Peer 1: 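I have a structure I would like to understand better, so I am pasting it below and will then ask my questions one at a time.
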Amino acid sequence: MVRSLSIETPVSKPFRKTGDPAVLTSESPLHPRRKSRRIMVGPVPVGGGAPISVQSMTNTLTADVPATLQQIAELTAAGCDIVRVAVPSQDDADALPEICRKSPIPVIADIHFQSKYVFQAIDAGCAAVRVNPGNIRKFDQVGPDICKAATDAGISLRIGVNAGSLDKELYAKYGGPTPEALVASALKEAHMFEDVGFHDFKISVKHHDVITMVQTYRLLASKGDWPLHLGVTEAGPQWQGTIKSCLAFGALLAEGIGDTIRVSLSAPPVEEVKVGCKLLEYMGLRPRKFDIISCPSCGRAQVDVIQLASAVTEGLKDVTAPIRVAVMGCIVNGPGEAREADLGVASGNGKGQIFIKGKVIKTVPEDQIVTTLLEIADDMAAKMEAEGKVPEGSTGPVVVPIQHPGH
């Protein structure tokens, strides 16, 4: 086997060997985490109780290094832990050394069909490689060499099955991409690696249908201790895909299943990261960061809650300090919710009562509510930043509807 890639500039961030135990663990408040073995994706631990990481994938042409690095920077700022880049061509493979060297987060190369790109990605300094044994030519011959190269480099691999790429024999045997078929395919791939003594890999078994996806991961989780990468493949446009991903991930994470996630949306990759980070926050699997609580539109509201919440969210979109802001539109739950927040407003009768940590500090006319909230929130955030109380990787606001009685 010939591996011809030469790297002029060495990668400046050596990776830890996979399975490093000397990192923190994270528990779920809903259910004990499933026991899985730990691998490393660069410095990011996956499995073994490690904090659940958020991934995304660039949609730039990987060979366009400046554009790809710019998008990786945007993903990092949004809270992304691991980024995947597509490598369908030689030009893309040639771009990997510079991307890996300059990326602030670990890079996974996404490889299909040609095994030579796997070796180039390993030599380029990628933190991991996503391979699909089902579509790598002559994988039974090159698989052991891939495992050895990954072992020597101290990196991990990801294998996995998508409903759309299920082996034809298994499709026929099980009558389609059923949970049993997908798991059978994943087990076949896992055994390919384990039979040559390689264990530093994670598995994904993605499906576009929420029920099938959840059933598949439950079944796979019962078969072994591999770290699992959760994903609803081809989830759809942003609104639909967010709902499907939250339903599927929420069900599995509530059972302790899942070690790393990617929310797949037909939307800019940054939006995937925002949804993934907030999902983990609301599941109690990441520290709470910036949050906006707002009530839904209803006949009791005495202000335009939709407009008010939108204006506050837009005005605070760059605030990442862990502040909870309540935007309430009526007297039923408004005062109580506002008092429970770090900062809040209870609106009605053409005015708004402004609260800070449960105490009314002022009452302002309706047309001054947004400006007043923004000024106070910015001051609170600046103080927290100065005091070092803003967690690394904090994210901006997401509106959380609060249902009133009777809704």
Side-chain angles (χ1 to χ4, degrees), residues 15-56 75-84 104-106 108 127-128 155-156 158 160 199-205 213-214 217-218 220-222 224-232 245-263 272-291 320-324 388-396 398 400:
F15 299 133
R16 297 184 237 175
K17 293 293 182 180
T18 56
D20 188 343
V23 289
L24 297 176
T25 59
S26 172
E27 268 304 334
S28 167
L30 297 175
H31 192 283
R33 295 277 300 280
R34 165 181 168 267
K35 303 297 183 184
S36 61
R37 63 181 179 237
R38 176 166 296 180
I39 65 172
M40 302 296 294
V41 180
V44 177
V46 176
I52 295 171
S53 51
V54 174
Q55 302 191 25
S56 186
L75 291 168
T76 304
C80 190
D81 300 301
I82 299 167
V83 65
R84 185 155 45 109
I105 57 177
I108 297 178
I155 73 167
S156 59
R158 174 187 150 203
H199 300 276
D200 291 323
F201 61 90
K202 60 182 181 287
I203 303 180
S204 63
V205 280
M213 181 271 200
V214 171
Y217 274 97
R218 283 175 176 166
L220 180 61
S222 71
D225 67 347
W226 314 281
L228 300 181
H229 170 106
L230 301 187
V232 178
S245 296
C246 288
L247 285 170
F249 293 1
L252 291 167
L253 293 173
E255 298 174 12
I257 297 172
D259 300 292
T260 184
I261 65 173
R262 183 209 172 174
V263 177
E272 297 184 349
V273 175
K274 290 179 180 179
V275 173
C277 289
K278 287 301 176 186
L279 171 63
L280 294 180
E281 287 180 37
Y282 298 147
M283 293 292 294
L285 289 161
R286 283 199 175 191
R288 179 178 67 83
K289 298 172 184 175
F290 191 95
D291 198 12
T320 59
I323 303 169
R324 177 169 287 151
K389 295 181 179 179
V390 179
E392 184 178 353
S394 292
T395 53
V398 169
V400 184

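We're numbering straight along the sequence, starting at 1. Keep in mind it's a predicted model, so treat the numbers as computed, not measured.
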Peer 1: Donor-acceptor pair, distance only, cut-off 3.5 Å: does the side chain of T260 make one with the backbone of S53?
Peer 2: yes
Peer 1: To the nearest 0.5 Å, tell me how far I52 CD1 sits from L280 CG.
Peer 2: 5.5 Å
Peer 1: Looking only at atom types and distance, does a side-chain atom of S36 sit under 3.5 Å from a main-chain N or O of W226, one as donor and one as acceptor?
Peer 2: no
Peer 1: To the nearest 0.5 Å, what is the distance between OG (S204) and CE (M213)?
Peer 2: 9.5 Å
Peer 1: Identify the two heavy atoms, one from P29 and one from G284, that lie closest to each other, and give their separation to 0.1 Å.
Peer 2: CD-O, 3.6 Å
Peer 1: Tell me the closest heavy-atom pair linking P51 and S26, and the distance in Å.
Peer 2: CA-CB, 3.6 Å
Peer 1: Of the non-hydrogen atoms in V273 and C80, which two are nearest, and what is the gap between them?
Peer 2: CG1-N, 3.4 Å
Peer 1: Would M283 and S28 count as a side chain to side chain contact (heavy atoms under 4.5 Å, CB included) here? Give the steps.
Peer 2: CA-CA 8 Å; M283 293 292 294; S28 167; 5.9 Å; no
Peer 1: Under the 3.5 angstrom rule, does the side chain of Y217 hit a backbone N or O of H229 as a donor-acceptor pair?
Peer 2: yes
Peer 1: Once rounded to the nearest 0.5 Å, what's the spacing between atom CG of L252 and atom CG of L247?
Peer 2: 11.0 Å
Peer 1: Nearest heavy-atom pair of H31 and E255: which atoms, and what distance?
Peer 2: ND1-O, 3.1 Å
Peer 1: Heavy atoms only: give me the nearest T25-G48 pair and the separation to one decimal.
Peer 2: CG2-O, 3.8 Å
Peer 1: What residue among R34, K35, R37 forms salt bridge (charged side-chain N to carboxylate O under 4.0 Å, His left out) with D225?
Peer 2: R37
Peer 1: With sequence neighbours excluded, what pairs up with S156 under the side chain to side chain donor-acceptor pair (under 3.5 Å) test?
Peer 2: none
Peer 1: Look up atom CG in L228 and atom CZ in R218, then write down how far apart they are to the nearest 0.5 Å.
Peer 2: 13.5 Å
Peer 1: Which residue is it: D81, I155, I105, V46? I am looking for the one with a side chain to side chain contact (heavy atoms under 4.5 Å, CB included) to V41.
Peer 2: V46
Peer 1: Within 45° of the ring axis of F249 and under 6.0 Å from its six-membered ring centre, is that where the NZ or CZ of R262 lies?
Peer 2: no
Peer 1: Stepwise, does the salt bridge (Lys or Arg N to Asp or Glu O under 4.0 Å) test hold for R33 with D259?
Peer 2: CA-CA 9 Å; R33 295 277 300 280; D259 300 292; 3.5 Å; yes
Peer 1: Let me confirm one number: the SG-CZ distance from C277 to R286, rounded to the nearest 0.5 Å.
Peer 2: 4.5 Å
Peer 1: How many angstroms lie between CZ in R84 and CG in L75, if you round to the nearest 0.5 Å?
Peer 2: 12.0 Å
Peer 1: Less than 4.5 Å apart, side chain to side chain, heavy atoms only: is that true for K278 and V263?
Peer 2: no
Peer 1: May I have the step-by-step check of side chain to side chain contact (heavy atoms under 4.5 Å, CB included) for I108 and Q55, ending in yes or no?
Peer 2: CA-CA 10 Å; I108 297 178; Q55 302 191 25; 3.9 Å; yes
